[in-house]
Undergrad: 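Please read through the structure below; I'll follow up with questions.
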Amino acid sequence: ATNLYPPPATYPYTHGLLSSIPRLDQERGRKLSPVPGSVSDNLPWESSCAFAPRCSNAIETCLSRSPELEAVSGDGEHLLRCFNPMGGQA
């Protein structure tokens with residue numbers, strides 16, 4: 001599980017999912033942060049990022065172009081499809 005995503009989670013959707021589940025290492029009763037909005041019918045990604053309407057990190061480019069899938073780790077095992085990832089690592 002440690003290799004599922006490179007820390008910190010750079011893809012805004014992954015970050016949102018991880019923020020929306022309870023964690024055993026945090027205080028009980030902590031408010032969860034769900035991913036806002038509804039799932040888009042924008043798949044496959046033809047003209048924009050499918051997650052852009054729900055993404056807190058979206059920029060104008062996300063609404064007008066489809067991001068390419070890129071390797072974000074030296075071994076090529078971690079891939080990212082995002083114009084404006086968390087931490088600006090694209």
Undergrad: Nearest heavy-atom pair of Ala58 and Ala52: which atoms, and what distance?
TA: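 Looking at all heavy atoms of both residues, the closest pair is CB-O, 3.7 Å.
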Undergrad: Less than 4.5 Å apart, side chain to side chain, heavy atoms only: is that true for Pro85 and Asn57?
TA: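 Not in contact.
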Undergrad: Should Arg81 and Leu69 be marked as a side chain to side chain contact (heavy atoms under 4.5 Å, CB included) after you check the CA-CA gap, both sets of side-chain angles, and the distance that decides it?
TA: CA-CA 4 Å; Arg81 185 184 302 262; Leu69 191 60; 3.7 Å; yes
Undergrad: Specify the closest pair of heavy atoms between Pro53 and Cys49, including all atoms of both residues, with the distance to one decimal.
TA: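 In this case the closest contact between Pro53 and Cys49 is CD-O, 4.0 Å.
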Undergrad: Answer with yes or no whether the hydrophobic clustering places Phe51 together with Leu17; edges join I, L, V, M, F, W, Y residues whose side-chain heavy atoms lie under 4.5 Å apart.
TA: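 Phe51 and Leu17: one cluster.
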Undergrad: Can you establish whether the number of heavy atoms outside Glu60 located under 6.0 Å from its atom CD is more than 12?
TA: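 No, the 6.0 Å shell around CD holds no more than 12 heavy atoms from other groups.
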Undergrad: If every non-hydrogen atom of Cys82 is compared with every non-hydrogen atom of Pro12, which pair is closest and at what distance?
TA: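 Cys82 and Pro12 have their closest heavy atoms at SG-CD, 3.7 Å.
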Undergrad: How many angstroms lie between OG in Ser64 and CD1 in Ile59, if you round to the nearest 0.5 Å?
TA: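 Reported to 0.5 Å precision, the distance equals 9.0 Å.
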